[in-house]
Amino acid sequence: MDTVLVTGGTGKLGKHVVSALKANGAATRAMTRDRFPLRGRVSGDLSTGRGVMEAVRGVDTIVHCATHPRFNKVDVEGTKWLLKAAHGFGVKHIVYVSIVGIDDHPFPYYQAKRRTERLIEESGIPYTILRATQFQELVVAVAHALTKGPIVPIPKDFRVQPVDIDAVAARLAELAAGEPAGRVRDIGGPQAVSLAYAVDAYASVVDRTRRQVQIPVPGKVGAAFRAGMNLLGEDGEEVGESFSHHLVWRVET
Ligand SMILES: NC(=O)c1ccc[n+]([C@@H]2O[C@H](COP(=O)([O-])OP(=O)(O)OC[C@H]3O[C@@H](n4cnc5c(N)ncnc54)[C@H](OP(=O)(O)O)[C@@H]3O)[C@@H](O)[C@H]2O)c1
């Protein structure tokens, strides 16, 4: 039985990845910064390197899902700690979850994701990189934040393609069980919709319907989102349940 370390294994995606790996018969270890981790978890901090060697010792495969708003420190620099440990212990496969459309996207978080991809690609460790569109949970969180006030400010002409987090987790678990495959086919949700539509759909489900005001977002970042760089391209694969299904079954109930 393979032992799989899941960085970010306590996060929104990572928890589902741990469950999917276990369901496939893997032994899992979820990394957390918590210094007194629960059973099945291991303490490690990618921002300092604390505990990372110990977390990686004895592991066959790593599924790397950790992320933090201080992404240069944690996602980029933290991946260097992880790769150093993975080299040291001869890890056979690292699976990284990334984001659709980040190649030339000026959004700073997306640039950090691309830099992290490159570190993995150039590490010499056999790898698989899966890019996914925005999780349904993220779109709901954005909609929740935007609908708090009496008027809803909507970035004009932004679109999203919310993806089912379970489908992303299942794909990552499947990839972790297979051979390293390099960059694999992007995945995303079955519907690309305007952010205005997604927010409105959320608002009607939670009974928070408000007047929307379209705000043009200036600059390169606004232009990149208006151009739909964050959406699945023609080669992408649509997976999982729709956003409407998520709203009805996961938000309303
Ligand atoms: N959100 C989206 O729509 C989306 C779309 C495509 C891809 N992704 C990617 O999916 C991955 C997971 O995203 P998510 O939204 O599930 O993240 P999340 O819920 O914010 O979870 C972040 C995880 O990272 C861990 N973490 C944070 N700082 C750390 C540090 N210094 N050292 C070690 N671990 C640390 C946290 O563990 P503790 O708090 O327990 O320490 C937690 O488990 C990310 O790589 C993200 O870029 C996200």
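When a residue number appears, it is its place in the shown sequence, counting from 1. Numbering of ligands and ligand atoms starts at 1, following listing order.
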*Specify the protein heavy atom at minimum distance from atom 47 (O) of ligand 1: its residue, its atom name, and the distance to 0.1 Å.*
Tyr109 OH, 2.5 Å
*Do Ser98 and Arg114 have side-chain N/O donor and acceptor atoms under 3.5 Å apart?*
no
*According to a 4.5 Å side-chain heavy-atom criterion applied to Ile, Leu, Val, Met, Phe, Trp and Tyr, with indirect links allowed, do Ile125 and Val63 form part of one hydrophobic cluster?*
no
*Parallel, tilted or perpendicular for Phe107 and Tyr110, by the 30°/60° rule?*
perpendicular
*Which pairs count as ring-ring contact (aromatic ring centres under 6.0 Å, His included) when at least one residue sits in residues 138-195, sequence neighbours excluded?*
Phe158-Phe225
*For Ser98 and ligand 1, answer yes if some heavy atom of the residue is under 4.0 Å from a ligand atom, otherwise no.*
yes
_Please verify the inter-ring angle class for Tyr96 with His64; under 30° counts as parallel, over 60° as perpendicular, anything in between as tilted._
tilted
*Using a 4.0 Å heavy-atom cut-off, say whether Leu138 meets ligand 1 through its side chain, its backbone, both or neither.*
side chain
_Test of proximity, Ile99 against ligand 1: N or O pairs below 3.5 Å_ = no
*Nearest-neighbour protein heavy atom for atom 5 (C) of ligand 1, which is reported as residue plus atom name and distance*: Thr133 O, 3.3 Å
*Provide the number and element of each atom of ligand 1 under 4.0 Å from a heavy atom of Ala132.*
6 (C)
*Spell out, as yes or no, whether a donor-acceptor pair under 3.5 Å connects the side chain of Arg226 to the backbone of Val217.*
yes
*Select the closest option to atom 41 (O) of ligand 1 among Lys113, Arg131, Arg33, Arg50, judged by heavy-atom distance.*
Arg33
*Other hydrophobic cluster members with Leu232, side-chain heavy atoms of Ile/Leu/Val/Met/Phe/Trp/Tyr under 4.5 Å, chained?*
Val100
_Suppose I only count heavy atoms of Thr32 and a 4.0 Å limit; which atoms of ligand 1 are within that range?_
38 (P), 40 (O), 41 (O)
*Passes side chain to side chain contact (heavy atoms under 4.5 Å, CB included), Val163 versus Gln161? Steps please.*
CA-CA 6 Å; Val163 69; Gln161 192 161 0; over 6 Å; no
*Hey, which atoms in ligand 1 end up nearer than 4.0 Å to a heavy atom of Asp45?*
30 (C), 31 (N), 32 (N)
_Just to be sure I read this right, does ligand 1 sit under 4.0 Å from the backbone of Thr7, its side chain, both, or neither, counting only heavy atoms?_
neither
*Would you mind checking which non-hydrogen protein atom is closest to atom 16 (O) of ligand 1, with the distance to 0.1 Å?*
Leu13 N, 2.8 Å
*For atom 15 (O) of ligand 1, find the nearest protein heavy atom and state the residue, atom name and distance (0.1 Å precision).*
Lys12 CE, 3.5 Å
*What do we get for Leu46 next to ligand 1 when only non-hydrogen atoms under 4.0 Å count, side chain, backbone, both or neither?*
both
*asked:* Quiz question: by atom type and distance under 3.5 Å, do the side chains of Thr147 and Arg208 form a donor-acceptor pair?
replied: yes
*May I ask whether Val52 and Val74 are part of the same hydrophobic cluster, defined by side-chain heavy atoms of I, L, V, M, F, W, Y residues being less than 4.5 angstrom apart, directly or through others?*
yes
*Check each atom of ligand 1 against the heavy atoms of Gly44 and keep those under 4.0 Å away; list them by number with element.*
32 (N), 33 (C)
*For the side chain of Asp164 and the backbone of Asp166, is there at least one donor-acceptor N/O pair under 3.5 Å apart?*
yes
*Find all atoms of ligand 1 within a distance of less than 4.0 Å from any non-hydrogen atom belonging to Val74, and give their numbers and elements.*
28 (N), 29 (C), 30 (C), 31 (N)
*Who's the nearest protein heavy-atom neighbour of atom 34 (N) of ligand 1, and how far?*
Ala66 CB, 3.9 Å
*Considering distance alone, does some N or O of Gly11 sit under 3.5 Å from an N or O of ligand 1?*
yes
_Is there a polar contact between ligand 1 and Phe135, counting only N or O atoms under 3.5 Å apart?_
yes
*Residue and atom name of the nearest protein heavy atom (relative to atom 12 (C) of ligand 1), distance in Å to one decimal*: Cys65 O, 3.2 Å
*Would you say Ile154 and Asp200 make side-chain contact, with heavy atoms under 4.5 Å?*
no
*Give the single entry among Val17, Thr10, Thr67 that approaches atom 27 (C) of ligand 1 most closely by any heavy atom.*
Thr67
*Taking Thr133 for the side chain and Pro162 for the main chain, is one N or O donor matched with an acceptor at less than 3.5 Å?*
no
*Heavy atom of the protein closest to atom 25 (C) of ligand 1 (residue, atom name, distance)*: Gly8 CA, 3.9 Å
